[in-house]
Amino acid sequence: MRYWIVDGKQMTDAEYEEHQRQELEAKERVQRETAALMEKLGQTYEALTSLLQQNPEVGRQVTDRTATTKRFTGSCGEAWSGPTKRRAAAG
């Protein structure tokens, strides 16, 4: 009787076939979920693009808010990581 070694576990032919089937199913499930999410993302992007074309002033407001948010989170990130770096250097 042949055995397979998978992740350090010895398996019979039947166990190995079941393991392969489960891995294939998991991979296919991830591919289906990815395709569904990509479809939703594409639809959302199209809707946003259309809305921004119809209302260009909203696009400028969003851009301004995004820039402000990035500046704020960037400064918070620097403040947050600063003491950690000093402790690591001192320790």
Side-chain angles (χ1 to χ4, degrees):
M1 179 178 234
R2 288 189 330 187
Y3 287 96
W4 300 85
I5 305 294
V6 178
D7 296 329
K9 182 182 174 194
Q10 185 175 346
M11 296 183 180
T12 64
D13 284 340
E15 291 170 329
Y16 179 73
E17 286 176 16
E18 176 64 16
H19 173 77
Q20 290 295 93
R21 185 188 63 75
Q22 288 175 359
E23 285 204 349
L24 181 60
E25 283 178 2
K27 185 177 181 179
E28 289 172 349
R29 184 178 59 252
V30 168
Q31 288 174 338
R32 283 191 308 272
E33 290 174 11
T34 301
L37 288 171
M38 291 297 291
E39 179 68 24
K40 283 183 184 179
L41 181 60
Q43 291 170 352
T44 302
Y45 178 78
E46 286 179 20
L48 177 60
T49 301
S50 175
L51 181 67
L52 291 175
Q53 286 174 346
Q54 294 170 10
N55 303 286
E57 71 283 351
V58 173
R60 285 188 292 277
Q61 292 170 359
V62 170
T63 302
D64 292 344
R65 283 189 196 140
T66 302
T68 301
T69 302
K70 284 183 181 180
R71 281 194 302 272
F72 175 74
T73 55
S75 63
C76 287
E78 291 169 10
W80 180 257
S81 64
T84 306
K85 289 179 182 176
R86 282 189 218 111
R87 266 186 268 142

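- Distance check: Leu37 CG to Thr44 OG1 gives 10.0 Å after rounding to the nearest 0.5 Å.
- Listed by chain and residue number, Tyr3, Ile5 satisfy the side chain to side chain contact (heavy atoms under 4.5 Å, CB included) test with Gln10 (two or more places apart in sequence, or in another chain).
- Leu52 meets the side chain to side chain contact (heavy atoms under 4.5 Å, CB included) test with Leu48, Val58; sequence neighbours excluded.
- Judged purely by distance below 3.5 Å, without hydrogens or angles, the side chains of Gln53 and Thr49 never pair a donor atom with an acceptor atom.
- Closest of all the heavy-atom pairs between Met11 and Glu15 is CA-OE1, 3.2 Å.
- Counting only residues at least two apart or on different chains, the salt bridge (charged side-chain N to carboxylate O under 4.0 Å, His left out) pairs with a member in residues 22-47 are Arg21-Glu25.
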